Amino acid sequence: MMNDSVLSDVVVVQNNDFSVAEHYQRLEQSAGVAGAIVFFVGKVRAESELDPVLALELEHYPAMTEKSLCALVAEARSRWSLTGVTLVHRVGKLAVGQQIVLVAVSSRHRDEAFLSARFLMDTLKTQAPFWKKEHRSSGTRWVEARRQDDLAATEWQQGDR
């Protein structure tokens with residue numbers, strides 16, 4: 001979904017894998033005067049050797065999820081002077097090692113790019129309506145929010161970051 005207010009922003013929720021190279025090229029072409037482009041790619045991890053994650057399944061409500069992600073991008077833009085934002089999040093059943101999320105930000109200066117990318121990841125983890133289920137050798141279980149993710153998001157809300 002292309003954000004109408006800023007042509008250089010892309011917010012997408014999809015089942016298919018994404019190409020970091022393609023998103024980099026698009027962001028670089030649309031970034032204009034950007035002096036920095038920061039990328040974060042999250043991958044499905046095994047978590048534990050004793051009872052490893054075999055796959056991660058993500059569910060969402062499409063309209064609500066996209067609206068939430070667009071609001072996070074708008075908030076990042078209100079905090080920092082950004083020339084472009086790309087936010088791609090996958091849903092469905094993903095195997096260990098597969099890409100799950102891409103946050104890419106361009107700005108004139110590196111500090112703004114790093115801070116805004118960190119903000120987007122920290123708030124995405126707690127505010128975007130995704131439900132995650134781990135598939136393990138011992139069975140399946142829904143993933144609860146982690147305390148450290150809640151603390152990171154709270155620090156952004158309080159202006160401590």
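What you are looking at is a predicted structure, and each value in this text was computed from that prediction instead of being measured. FYI, the numbering just counts along the sequence from 1.
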Subject >> Contact check, side chains of Asp9 and Arg77, non-hydrogen atoms, under 4.5 Å >> reply: yes

Subject >> Criterion side chain to side chain contact (heavy atoms under 4.5 Å, CB included) against Leu56, the qualifying member of Arg90, Glu134, Gln98 >> reply: Glu134

Subject >> Donor-acceptor contact below 3.5 Å, side chain Ser107 vs main chain Ala113 >> reply: yes

Original post:
Would Val96 and Trp142 show up in the same hydrophobic cluster when neighbours are defined by side-chain heavy atoms closer than 4.5 Å?
Top reply: no

**OP:** Any chance you could measure Leu72, atom CG, to Thr126, atom OG1, to the nearest 0.5 Å?
**Re:** 8.0 Å

Subject >> Minimum side-chain heavy-atom gap His89-Leu124 below 4.5 Å >> reply: yes

**OP:** Working to the nearest 0.5 Å, report the span between NE2 of His135 and CG of Leu94.
**Re:** 10.0 Å

**OP:** Among Val91, Val88, Leu58, find the residue that satisfies the side chain to side chain contact (heavy atoms under 4.5 Å, CB included) test when tested with Ile100.
**Re:** Leu58

Contacts under 3.5 angstrom, residues 33-45 side chains, donor-acceptor by atom type, not counting sequence neighbours:
residue: Lys43; atom: NZ; partner: Gly97; partner atom: O; Å: 3.4
residue: Arg45; atom: NE; partner: Glu47; partner atom: OE1; Å: 2.7
residue: Arg45; atom: NH2; partner: Glu47; partner atom: OE1; Å: 3.3

Original post:
How many angstroms lie between atom NZ of Lys125 and atom CE of Met121, to the nearest 0.5 angstrom?
Top reply: 5.5 Å

Original post:
Leu54 and Val143: same hydrophobic cluster, using ILVMFWY side-chain contacts below 4.5 Å?
Top reply: no

Subject >> Gln99 side chain vs Phe18 backbone, donor-acceptor pair below 3.5 Å >> reply: yes

Subject >> Nearest-0.5 Å distance that lies between atom NZ in Lys93 and atom NZ in Lys133 >> reply: 8.5 Å

Original post:
Charged N to carboxylate O under 4.0 angstrom, Glu22 versus Arg26?
Top reply: no

Original post:
Just wondering, more than 12 heavy atoms not from Phe114 lying within 6.0 Å of its CZ?
Top reply: no

Original post:
Just wondering, more than 12 heavy atoms not from Arg141 lying within 6.0 Å of its CZ?
Top reply: yes

Original post:
side-chain contact (heavy atoms from CB on, under 4.5 Å) with Ser68: which residues, sequence neighbours excluded?
Top reply: Ala128, Pro129

**OP:** Please report the closest heavy-atom contact between Gln14 and Val12, naming both atoms and the distance.
**Re:** OE1-CG1, 3.1 Å

Original post:
Hey, does the side chain of Glu75 reach the backbone of Ser78 with a donor-acceptor pair shorter than 3.5 angstrom?
Top reply: no

Original post:
Is the side chain of Thr83 donor-acceptor paired with the backbone N or O of Ser106 at a distance under 3.5 Å, no angle test?
Top reply: yes

Subject >> Non-hydrogen atoms of Asp51 and Ser137 that approach each other most closely >> reply: OD1-OG, 3.0 Å

Original post:
At what distance, to the nearest 0.5 angstrom, does CD of Gln29 lie from OH of Tyr24?
Top reply: 10.5 Å

Original post:
Within a reach of under 6.0 Å around CZ of Arg136, are more than 12 heavy atoms found that belong to other residues, nucleotides or ligands?
Top reply: yes

